[in-house]
Amino acid sequence: MSAHEHSHHVTSLATLMATFAALIALTVLTVAMAQVPLGRLDIWVTLGIATLKAGLVALIFMHLRNDKAINGLILLFTLGFAALFICFALMDSTNYQDQIREFEADQAAVSS
């Protein structure tokens, strides 16, 4: 096979349905986790589930599973690092909650 030839892979209906079921189950899990107070772990769990769902979509529906393994790994690591960076940014925003509450209280006092 030359460098410009591509092999076509047809994903079975069973695989597509299993992936769909997994995505629905993970979505239900995300909604259920919103009802469980996990404190600081809440964002980690939620982003972990979202990363897993994005990885499933890319690997199955975008056919990265049948491509070179390095492409799938690069995508998964990229999604993982993006989720990690978002987590760190969100964790940092909690440091300013007291100042935000003070500002809102000051604004409410000024407007009344």
Side-chain angles (χ1 to χ4, degrees):
M1 183 182 303
S2 72
H4 296 290
E5 290 181 29
H6 296 285
S7 64
H8 296 282
H9 184 272
V10 178
T11 305
S12 71
L13 184 59
T15 301
L16 293 175
M17 294 306 287
T19 305
F20 176 71
L23 291 170
I24 294 297
L26 288 169
T27 301
V28 169
L29 179 62
T30 302
V31 172
M33 292 307 295
Q35 308 302 319
V36 178
L38 296 176
R40 296 181 70 105
L41 286 179
D42 187 37
I43 191 69
W44 293 99
V45 171
T46 304
L47 283 175
I49 295 170
T51 302
L52 183 60
K53 286 170 34 180
L56 273 174
V57 167
L59 289 173
I60 303 299
F61 295 122
M62 295 173 62
H63 302 284
L64 284 178
R65 181 180 71 157
N66 302 98
D67 203 358
K68 294 178 183 172
I70 190 69
N71 292 335
L73 287 174
I74 289 171
L75 177 72
L76 291 177
F77 281 117
T78 302
L79 291 173
F81 280 117
L84 184 66
F85 292 142
I86 291 170
C87 282
F88 284 133
L90 291 174
M91 285 173 31
D92 184 49
S93 68
T94 60
N95 292 330
Y96 307 105
Q97 293 301 317
D98 293 336
Q99 294 170 346
I100 292 170
R101 284 190 204 101
E102 288 177 21
F103 176 77
E104 290 172 345
D106 290 343
Q107 292 300 315
V110 168
S111 65
S112 54

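Quick note: residue numbers are just sequence positions, from 1.
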According to a 4.5 Å side-chain heavy-atom criterion applied to Ile, Leu, Val, Met, Phe, Trp and Tyr, with indirect links allowed, do [X] and [Y] form part of one hydrophobic cluster?
X: F61; Y: I49; value: yes
X: L59; Y: M62; value: no
X: I43; Y: L84; value: yes
X: F88; Y: L47; value: yes

Sequence neighbours excluded and cut-off under 3.5 Å, please list the side-chain donor-acceptor pairs for residues 68-80, or say none.
| residue | atom | partner | partner atom | Å |
| --- | --- | --- | --- | --- |
| N71 | ND2 | D67 | OD2 | 3.1 |
| T78 | OG1 | I74 | O | 2.6 |

Between T27 and K53, which heavy-atom pair has the shortest distance, and what is it?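 Taking T27 first and K53 second, the nearest heavy atoms are OG1-NZ, 3.3 Å.
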Looking at D42 and T46, what are the two nearest heavy atoms and their distance?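 Nearest pair, atom of D42 first, then T46: O-OG1, 2.9 Å.
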Distance-only donor-acceptor hits, side chain of residues 28-36, under 3.5 Å, sequence neighbours excluded:
| residue | atom | partner | partner atom | Å |
| --- | --- | --- | --- | --- |
| T30 | OG1 | L26 | O | 2.8 |

